Amino acid sequence: MFCRALARHRGKLMNRRSFLKILTLGSFAALGLASLRSLFHLTSRPPRLVFIPSNELEKLKNGPLFGEDYILVKVSGEVLAFSRKCPHLGCKLNFDPVQNLISCPCHGSKFTLQGKYISGPAKKDLSRLNTKPSDKGISLALPT
Ligand code: FES
């Protein structure tokens, strides 16, 4: 009895067509907002800044420096920074001291210490990271 009264009451306020129209528009609006939110989330995330102090950079005399998410290499006096993520499928890259190369343990892609692609399925160079050197060290901008 209550349901019938409620249905009768709703019928006075809006018919089924109006209700479906509002429901459809509401669904599209919610979907659009969700898409915008994820797009905004993807494009507006600030990079994560990592600071490497000068005393740590001294180790570059002995070869590349592998951090958790980055690789630092000193080439002709210039410090180059790369993402440690393999451009193929994102495995963490390692240093191959025998060949003096950067290599991927997952599918065997190889790169020079300057980040140039040599072989394997990656098919592209390593991603360079933005750096900001200072007297006390170097700041890296890691993508998030
Ligand atoms: S993830 Fe590095 S070669 Fe595939």
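Here the structure is a predicted model, which means the values were calculated and not measured. Whatever order the structure lists ligands and atoms in, that order sets their numbers, starting from 1. Just so you know, these numbers use all the heavy atoms, side chains as well, and skip hydrogens, waters and symmetry mates.
- Electrostatic pairing of Asp125 and Lys116 counts as a salt bridge here, judged by a charged N lying under 4.0 Å from a carboxylate O.
- Looking only at side-chain heavy atoms (C-beta outward), Glu56 and Leu72 stay at 4.5 Å or farther from each other.
- Checked by atom type and distance alone, the side chain of Ser103 never pairs as donor or acceptor with a backbone atom of Lys110 at under 3.5 Å.
- Residue contacts with ligand 1: Pro121 is included, with a non-hydrogen atom under 4.0 Å away.
- With Arg84 contributing its side chain and Gly67 its backbone, the two residues share a donor-acceptor pair below 3.5 Å.
- For His107, the N, O or S atom with the smallest separation from atom 4 (Fe) of ligand 1 is ND1.
- Distances from atom 3 (S) of ligand 1 to the heavy atoms of Ser103, Ser119, Ser109 show the closest one on Ser109.
- Checked by atom type and distance alone, the side chain of Ser109 never pairs as donor or acceptor with a backbone atom of Lys123 at under 3.5 Å.
- Counting backbone and side-chain atoms alike, Cys86 contributes no N/O/S atom closer than 2.8 Å to atom 4 (Fe) of ligand 1.
- When distances to atom 4 (Fe) of ligand 1 are checked against a cut-off of 2.8 Å, Cys104 contributes no N, O or S atom below that limit.
- Listed by atom number, the atoms of ligand 1 under 4.0 Å from Cys91 heavy atoms are 1 (S).
- Counting the atoms of ligand 1 from 1 in the order shown, those under 4.0 Å from a heavy atom of Leu89 are 1 (S).
- Under the 2.5 Å SG-SG cutoff, Cys106 and Cys91 qualify as a close cysteine pair.
- Here the N, O or S atom of His88 that is nearest to atom 4 (Fe) of ligand 1 is ND1.
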